[in-house]
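What follows is one structure encoded as structure tokens, with my remarks underneath.
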Amino acid sequence: MQGLIPVSEIFYSIQGEGINIGKPAVFLRTYYCNLNCCWCDSKYTWENQSKAKEGIDYFNLSPEDLIYEIAKYPCKHLVITGGEPLIHQNSLLKLIRRLKEMDYYIEVESNGTIKPLKDFLDLIDCFNLSPKLSNSGIEGRRRLKEEVLKLFTSKDKTYFKFVICERKDLDEVGEIIKLFSIKREKVILMPEGTNTETLNRRSEWLIEECKKRGFRFSPRLHILIYGNRRGL
Ligand code: SF4
């Protein structure tokens, strides 16, 4: 429905990944994604999307409803995540404009495959873009969109977070940052994993690689603290 936003969940937690790690934040998770990464930890936002039902898989909420829900929490930092939130950027704009008037800091997590509208690009405070590598199981032409990535690269508020499974993934990161002229200080490497054991095992060598290559490392703090549970 026009103007309504399909929402998977809203919750209050701390940002567990990326440049704002550790900050208390309200999370707005939208439903639907245009990719289907094999290791996705929020498959509930897209796995059933061809036959998804409102009230079961997602809730259609108006910007007014969402402001009411978001403002319940004692925090003016909002993370819009998904799924892929840019699918809904037209509908989200009204909400974002209103929240900016209310002095919210808004960050968006995106897979970087959908071109942002000018207003959307201008209003958001921080983009956590996560272009997918071949370890996602997605073919290159679906996961890397040159025009979109170049547009985001031109904005200082964009950070690029790559999900790393194996050492060879670092060669791909190197190729992508060269191809799209992404500055090294904007790159964040994060181990893939949905349990402490996998994350710790991968973090050990990934931290050493970050030290060698001058990239920022990000843990998955929410998984380490809460495990792979929804709404935390
Ligand atoms: S882009 Fe993100 S939400 Fe979509 S399938 Fe990949 S990891 Fe999951």
Side-chain angles (χ1 to χ4, degrees), residues 8-29 33 35 37-45 73 75 77-85 105-112 124-138 143 152 157-174 176-177 182-232:
S8 175
E9 55 190 349
I10 303 173
F11 57 95
Y12 183 40
S13 187
I14 56 160
Q15 176 54 291
E17 306 174 352
I19 196 72
N20 286 312
I21 193 163
K23 287 194 178 170
V26 181
F27 287 77
L28 165 60
R29 189 184 299 285
C33 190
L35 297 183
C37 307
C38 57
W39 40 250
C40 178
D41 64 357
S42 46
K43 285 187 175 164
Y44 51 89
T45 62
Y73 300 105
C75 174
H77 185 127
L78 177 70
V79 179
I80 305 179
T81 188
E84 175 45 56
Y105 177 96
I106 305 177
E107 62 174 304
V108 166
E109 299 185 331
S110 166
N111 60 31
I124 297 303
D125 295 287
C126 175
F127 286 100
N128 285 318
L129 231 60
S130 185
K132 302 307 174 216
L133 304 178
S134 55
N135 65 25
S136 63
I138 313 263
R143 61 184 159 81
F152 276 114
K157 57 188 169 183
T158 305
Y159 288 84
F160 293 83
K161 185 182 72 189
F162 294 96
V163 177
I164 306 295
C165 297
E166 299 175 64
R167 274 195 172 83
K168 68 178 172 58
D169 297 342
L170 298 170
D171 296 336
E172 261 183 73
V173 172
I176 291 172
I177 65 169
I182 298 170
K183 289 183 192 147
R184 206 156 274 266
E185 63 264 28
K186 296 288 175 186
V187 175
I188 302 171
L189 302 186
M190 187 182 78
E192 191 280 327
T194 50
N195 61 65
T196 307
E197 194 199 338
T198 308
L199 287 174
N200 285 345
R201 183 164 33 82
R202 289 179 170 161
S203 295
E204 224 169 277
W205 57 260
L206 187 54
I207 286 170
E208 292 310 312
E209 292 294 342
C210 285
K211 282 161 64 182
K212 252 191 259 167
R213 297 168 193 247
F215 294 139
R216 191 184 297 250
F217 171 83
S218 171
R220 305 195 72 202
L221 207 51
H222 51 302
I223 303 272
L224 296 174
I225 297 169
Y226 302 119
N228 191 26
R229 288 188 283 154
R230 282 182 70 166
L232 289 168

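None of the values given here were measured: they were computed from a predicted structure.
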Taking the side chain as every heavy atom from C-beta outward, state whether [X] and [Y] have any atom pair closer than 4.5 Å.
X	Y	value
E192	D169	no
N228	N195	no
H77	P24	no
K132	N111	yes
K186	R184	no
F162	I176	yes
S130	V163	yes

Closest contact, heavy atoms only, L206 versus M190: CD2-C, 3.8 Å
Closest contact, heavy atoms only, A25 versus V79: CB-CG2, 3.8 Å
N128-E17 side chain donor-acceptor pair, cut-off 3.5 Å: no
Between N135 and E166, a side-chain donor and acceptor under 3.5 Å: no
Aromatic ring pairing F11/F27, orientation class (parallel under 30°, perpendicular over 60°, tilted between): parallel
For Y73, all residues meeting side-chain contact (heavy atoms from CB on, under 4.5 Å), sequence neighbours excluded: I10, Y12, V26
All side-chain contact (heavy atoms from CB on, under 4.5 Å) counterparts of S42, not counting sequence neighbours: R29, C40, Y44, T45
Backbone of I138 reached by a side-chain donor or acceptor of R143 within 3.5 Å: yes
Point-to-point distance, once rounded to the nearest 0.5 Å, from CH2 of W39 to OG1 of T198: 14.0 Å
